[in-house]
Amino acid sequence: MSLPGLHHLQHISGNDTTIPGIAHLPTSILDAFIPGYSFISKYLLDVFGFDISIIVSVLVLGFACTTGVHYIYRHLWASFLTHFTASVVIDAYDIIYDNLLSWAAEQEDLKRVRSLKVQSADYTDDVDDLKGDENAAAGAIFNFNSWAAKVPPRYEPDTGYHWFRHKGHWFKFSRESNKVQGGWMGMMIQDQETVRLTVLGRSTKPIKDLILDTRDRNLSKQIAKTTVRRPSPKEQRGRGRQAWNKVAVRPSRPMGTVVLDSKQKAAVLRDINDFLDPATTRWYSNRGIPYRRGILLYGPPGTGKTSLSFALAGVFGLDIYCMSLSEKTLSEEDLILLFNSLPKRCIVLLEDIDSAGIVRKKPDTTKEEEKRSKGEAEDKKEDAKNEKKDESAETTAAMIAKEVAKAVKSANESNDRSAGGRPGSSNDMGITMSGLLNAIDGVASQEGRVLIMTTNYPEKLDDALMRPGRVDMKIEFTLASRIQMRELFLRMYCVDSREAARTPANLKQIMPDILEANAFADRPAISEKSNNEKHNTLVPSTRPLLATPPRMPTTATPARLRSANKASSPLESAPSLQSEQSLKIEKMADEFAASLPEATFSPAEVQGYLITRKKDPSSAVAEVAAWRDAELAKKNAKKEAQREAQKDETKQDKEVASEISSRNELVKIEKEDANEEGRGGEKLADNGDSEDVGDDSSRPKTSIPATAESGCGALLGNVEGVREDSDDGKSGSEDGDSADSGDTDSVAGSEASQSSVESDERGDEYGG
Ligand SMILES: Nc1ncnc2c1ncn2[C@@H]1O[C@H](COP(=O)(O)OP(=O)(O)OP(=O)(O)O)[C@@H](O)[C@H]1O
């Protein structure tokens with residue numbers, strides 16, 4: 001290749017080290033690109049006679065051209081993208097992100113990309129869709145790992161960008177991972193993924209359509225699934241959706257599987273259905289009423305409160321946000337943030353609301369106490385000056401009082417603990433009642449959510465929490481009635497007939513009988529009633545919304561039971577069983593229910609029994625009497641043990657109290673003696689014979705410190721014993737027969753209901 005211009009340039013430079021006649025770049029230019037070029041090329045030419053200038057010139061020219069073209073291309077492409085494409089960014093914590101990635105994993109164009117990210121079947125829900133091995137031999141051991149290994153892993157496009165075509169449009173799928181500040185005070189650097197979808201063209205519509213497609217595809221896949229979310233770990237908690245973690249997507253629980261009085265079920269279904277109706281939103285806003293709904297589910301453990309909440313989430317296609325107030329890392333600020341980060345429509349399940357130890361903050365007595373004890377300490381100082389001779393007796397008494405107060409305080413604390421509260425109440429516990437109330441109906445709290453609170457002890461709940469507007473509906477759950485037990489039996493052995501009701505589109509599909517019978521004919525239309533009237537309709541002030549499930553007579557026979565079922569149909573109608581086999585099962589269900597006492601076992605217990613015989617209804621019936629007797633014996637033994645424990649506790653309380661009382665008496669006597677001794681000494685001193693008095697061995701001598709120490713040790717031992725007992729769940733406060741309270745000087749050491757203030761006061765009595 002001839003480059004005459006360059007050749008000319010070379011002559012001008014006057015620094016020619018090359019063979020004349022061959023085109024190349026001037027040495028000065030090459031020197032600028034490659035430092036030391038002229039020296040190297042001269043050396044190579046002199047020693048080997050080889051001219052590298054032409055090769056180097058070509059390489060440099062090639063490099064310059066490529067860089068230039070690349071620069072121009074990038075520049076043009078960037079301005080093309082700016083002016084002729086549209087894009088949308090999707091954050092990783094958004095549901096759209098999940099939808100898009102699972103959609104992308106199935107696109108042929110994107111399957112072909114060379115940079116993929118793989119996700120094993122364990123982390124997807126696909127494992128639930130696998131069918132069991134029907135050819136497995138009877139009794140063959142099921143191996144989950146080898147079964148789950150059949151689910152192919154999911155491949156999705158990795159970080160980087162990939163082009164694909166969808167519905168005639170070209171899209172660019174860019175997955176990016178960025179470092180962002182997060183965590184507490186933004187002190188942690190976290191990875192945050194985003195996907196940017198870009199489409200050729202100036203409109204974002206194709207992207208929006210694509211997002212809708214991915215959502216629809218996901219909906220059709222997840223039609224019968226309920227998404228469960230829990231608060232994110234504290235350090236990852238941020239605003240918005242980051243506050244909540246998706247922990248599971250599980251098959252929706254069919255309403256029919258929750259055995260509950262059908263009127264109660266219908267009431268709650270109607271109520272939530274009305275609430276979610278878009279027209280209701282306007283109704284609320286027109287009247288300035290916060291658009292929220294609160295439901296309290298209460299009753300013994302294992303009676304179906306959580307199950308009903310999940311079934312409701314399934315029926316109404318709502319995500320369920322579960323939270324426990326007893327979670328240690330949950331502060332009031334977190335609670336407010338979590339409530340403020342809820343989506344527009346969802347179910348919030350606040351479980352075991354009583355166990356969080358939510359109590360109104362007690363008046364702060366500590367400071368008063370301190371003041372008082374300070375004042376008293378000063379008084380004591382004065383006294384000490386005036387009555388120096390009482391000093392040793394006083395010190396001893398103060399020691400005892402201090403130890404006793406300590407012991408009583410710790411016993412009280414442990415009693416508090418055993419009574420369900422958290423130790424150190426207001427300091428340890430993050431959530432106070434006012435904090436909870438602020439969160440659930442604070443100004444920034446999200447509207448449109450259904451708050452379901454569950455408790456085993458409704459009587460422990462604060463009235464402020466129960467007021468209409470916070471709790472609009474209460475549903476009581478009871479131990480299983482005979483009809484419920486029959487229903488549980490039928491559901492255990494005829495589940496498949498109910499499968500059709502998994503995705504109901506109409507309330508009638510769930511509860512045909514009750515809704516057709518127009519059970520709510522008297523219920524006013526929502527637009528015709530004021531909110532208060534509405535609350536009154538739904539929540540009688542003290543009674544639960546609806547009566548508990550009707551009880552069958554204790555002497556129910558299978559025949560009576562069946563006729564009662566047919567006549568009143570208080571529960572959702574049982575699965576229609578046509579075949580002979582089904583009639584047989586129905587008969588067995590009657591027999592089964594008739595063998596069990598009412599209101600003794602929780603549905604969970606009955607289900608637990610049935611589940612171990614899930615393929616064998618006959619043995620479930622045959623063995624139920626033996627199971628019942630064994631369970632009743634266990635329950636009675638437990639009750640008896642509790643009674644015994646209570647008795648022991650009372651006895652111990654009394655012993656401790658009487659010991660304290662006798663120590664107290666002893667200290668009093670010592671003190672009086674010491675006073676007398678002092679007075680006698682003074683008199684003798686006046687007579688100038690004081691030394692003899694001190695040696696008077698005829699007077700009874702007391703060894704106060706020794707007595708006091710052993711007394712405290714013994715006393716503490718006893719009180720410690722009481723505390724340990726109460727840690728085991730025995731509450732001293734439950735004991736009606738506490739230490740003799742008539743004796744004002746005595747410290748009723750183990751009386752759990754005493755506050756530490758009281759015990760300190762009594763301690764001061766000792767000291768003074
Ligand atoms: N009424 C019921 N109908 C159907 N199943 C029930 C019912 N009650 C309890 N169960 C079964 O018992 C188990 C425990 O029920 P669930 O967790 O709903 O009870 P819970 O009242 O919320 O208990 P806890 O108060 O201890 O939280 C579940 O497997 C559920 O299927």
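Both counts, for ligands and for their atoms, begin at 1 and track the order of listing.
- At least one heavy atom of Thr257 sits less than 4.0 Å from an atom of ligand 1.
- Checked against the 6.0 Å centroid threshold, Phe275 and Tyr291 count as a close aromatic pair.
- When hydrogens are left out, the protein atom nearest atom 7 (C) of ligand 1 is Pro603 CB, 3.4 Å; that is the closest non-hydrogen contact.
- Distances shorter than 4.0 angstrom do not occur between any heavy atom of Met492 and any atom of ligand 1.
- When hydrogens are left out, the protein atom nearest atom 11 (C) of ligand 1 is Gln607 OE1, 3.3 Å; that is the closest non-hydrogen contact.
- Under the 4.0 angstrom criterion for non-hydrogen atoms, Leu260 is not in contact with ligand 1.
- Of the N and O atoms on the side chains of Asp274 and Thr280, not one donor lies less than 3.5 Å from an acceptor on the other residue.
- Atom NZ of Lys635 sits in a crowded spot, with more than 12 heavy atoms from other residues, nucleotides or ligands closer than 6.0 Å.
- Phe477 has its side chain within reach of Leu308: a pair of non-hydrogen atoms, C-beta onward, lies under 4.5 Å apart.
- Across all their heavy atoms, Ala620 and Tyr493 have their closest contact at CB-OH, 3.4 Å.
- Nearest protein neighbour of atom 27 (O) of ligand 1, counting heavy atoms only, is Thr306 OG1, 3.7 Å.
- Of the listed options Gly299, Pro300, Gly256, Gly302, Gly302 places a heavy atom closest to atom 23 (O) of ligand 1.
- Here's the thing with Gln484: none of its N/O atoms is less than 3.5 angstrom from an N/O atom of ligand 1.
- Close contacts between ligand 1 and Val258 involve ligand atoms 3 (N), 4 (C) [criterion: under 4.0 Å to a heavy atom].
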